[in-house]
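Contents: one structure, followed by commentary.
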Amino acid sequence: MPIEVRRLSGAMGAEIFGVDLSQKLSDERWKEIRAAYNEHLAIFFPDQHLLPPHIIAFVERFGTPSIHPYLKPVNKDYPFVHELRKEPSHTINYGGAWHTDFTFVEKPNSANALYARITPEYGGDTMFANLYLAYDALSEGMKKLFDGVRLLSATGAFLDLVKVSPVVRDDTYEHLKNVPPAAHPVFRTIPETGRKCLYIDPGAALSFENMTVEESRPIINYLIALVQRPEFQFRYRWRPDVFGIWDNRCLIHYAVNDYPGQLRVMHRMSVVDTERPR
Ligand code: SIN
């Protein structure tokens, strides 16, 4: 039986049924899953029962696992799996702003995975915005003007977050504060689909290469507003035991902090780009 893929919105997102991710996948099954990922960009597998080694075995199929430089691992035997735990007493959450991961380094994270362990009774959704659709919406003039231009991304908003985040390691701020900005193409092509996307990280975008911040900012603000158009967005409501993975290269995401006084625990793993974005 092939997997069942249920599309969740016009912009992206699908739930997948008929596969147990704790078991070894056949090549055929993997091909179906990878095709669904390329098409829907954020895929979710309800009713999974996964331990950290299962998460690692599956996520490794998407690329090189990354040890998160700032989050604490679930335990020392599984350094690739990190816990995102928001206690009822915590007021801020991790990832509570539009971003894609680590654009301030040369090889950003290419995919993120979350496994929902404990979800609040309401709230705690993750929102996504589709950067392919944002690129497609640009005029031919803008596409031509910014073809080949690179955008500098800096630690900016992430640095502000880690100052107050209870889930990151204590040395994070010191470690991050001297990281220089990284330059990536404004329009990035995703090899598996051959499609271009508008690769902008709202929390990190600083300026276009060889332009000042003052010159760049109005256009960056325009692009950030564009990527957030409702028709490019999708919002996933987590339930316990759902495993999800999304393509960080062509999506931005936002962890919604709307569940004060409730507990949310997710296991998280990322894979990293092995080449610089092109
Ligand atoms: C993140 O990876 O930024 C967090 C996403 C979430 O917890 O919903």
Side-chain angles (χ1 to χ4, degrees), residues 7-14 37-42 95-112 126-160 179-235 246-255 272-273 275-278:
R7 186 177 181 143
L8 296 173
S9 85
M12 79 195 89
Y37 177 78
N38 291 344
E39 182 178 351
H40 298 287
L41 313 177
W98 282 114
H99 67 286
T100 179
D101 282 31
F102 298 129
T103 49
F104 48 82
V105 300
E106 290 192 351
K107 293 174 186 163
N109 284 353
S110 52
N112 279 359
T126 308
M127 295 180 67
F128 301 90
N130 183 334
L131 304 178
Y132 283 131
L133 297 180
Y135 173 81
D136 293 347
L138 288 171
S139 65
E140 288 311 309
M142 278 291 272
K143 286 180 184 163
K144 216 161 148 191
L145 199 60
F146 283 91
D147 189 34
V149 173
R150 299 203 306 171
L151 180 60
L152 288 165
S153 285
T155 49
F158 192 60
L159 199 56
D160 295 338
V179 172
H184 302 296
V186 186
F187 303 145
R188 169 177 193 179
T189 305
I190 306 305
E192 293 83 6
T193 61
R195 287 181 68 188
K196 283 189 183 171
C197 64
L198 170 55
Y199 190 53
I200 189 162
D201 179 349
L206 183 65
S207 62
F208 297 105
E209 205 170 39
N210 305 319
M211 284 173 66
T212 65
V213 171
E214 290 72 22
E215 288 165 338
S216 308
R217 202 66 228 175
I219 303 166
I220 289 176
N221 288 347
Y222 168 75
L223 296 176
I224 290 174
L226 176 74
V227 297
Q228 292 174 41
R229 279 205 343 216
E231 54 272 48
F232 303 159
Q233 288 184 20
F234 158 68
R235 180 172 180 137
W246 65 88
D247 194 333
N248 263 328
R249 302 169 302 175
C250 52
L251 302 181
I252 51 173
H253 59 281
Y254 187 130
V272 69
D273 262 321
E275 290 188 349
R276 296 193 64 166
R278 281 193 276 167

Are Tyr254 and Thr126 close enough that some pair of their side-chain heavy atoms sits under 4.5 Å apart? no

Please output the side-chain donor-acceptor pairs of residues 138-148 that fall under 3.5 Å, not counting sequence neighbours, one pair per line with the distance.
residue, atom, partner, partner atom, Å
Ser139, OG, Met142, N, 3.1
Glu140, OE2, Lys143, NZ, 3.4

Rounded distance [0.5 Å steps], OG in Ser9 versus NE2 in His40: 10.0 Å

Going by side chain to side chain contact (heavy atoms under 4.5 Å, CB included), Ile200 matches just one of Ile224, Ile252, Leu226, Thr100. Which one? Ile224

Between Gln233 and Ala11, what is the shortest heavy-atom contact and its length? O-CB, 3.4 Å

Asn248 CG to Leu41 CG distance, which is reported to the nearest 0.5 Å: 11.5 Å

All ring pair (Phe, Tyr, Trp, His ring centres under 6.0 Å) counterparts of His99, not counting sequence neighbours: His253

Please round to the nearest 0.5 Å and tell me the distance separating atom CH2 of Trp246 and atom CG of Asp101. 7.5 Å

For a 4.5 angstrom cut-off between non-hydrogen side-chain atoms, does Ile190 reach Tyr132? yes

Approximate separation, where rounding is to 0.5 Å, of Asp247 CG and Phe128 CZ: 11.0 Å

Provide the closest heavy-atom pair for Leu151 versus Tyr199 in the form atom of the first, atom of the second, distance. CD2-O, 4.0 Å

Determine whether more than 12 heavy atoms belonging to other residues, nucleotides or ligands lie under 6.0 Å from atom CZ of Arg278. no

Applying side-chain contact (heavy atoms from CB on, under 4.5 Å) to Glu209 and not counting sequence neighbours gives Arg150, Ala183

Among residues at least two apart in sequence or on other chains, which ones pass salt bridge (charged side-chain N to carboxylate O under 4.0 Å, His left out) with Glu192? Arg34, Arg249

Ser216: which residues meet the side-chain contact (heavy atoms from CB on, under 4.5 Å) condition with it, sequence neighbours left out? Ser207, Phe208, Met211, Ile220

Side-chain contact, heavy-atom cut-off 4.5 Å: Arg195 with Asp136? yes

Is the shortest heavy-atom distance from the side chain of Leu131 to the side chain of Leu251 under 4.5 Å? no

Heavy-atom side-chain contact between Trp98 and Val227 under 4.5 Å: no

Distance-only donor-acceptor pairs under 3.5 Å for side chains of residues 102-111, two or more places apart:
residue, atom, partner, partner atom, Å
Thr103, OG1, Asp201, OD2, 2.6
Asn109, ND2, Ser270, OG, 3.4
Ser110, OG, Val271, O, 3.4

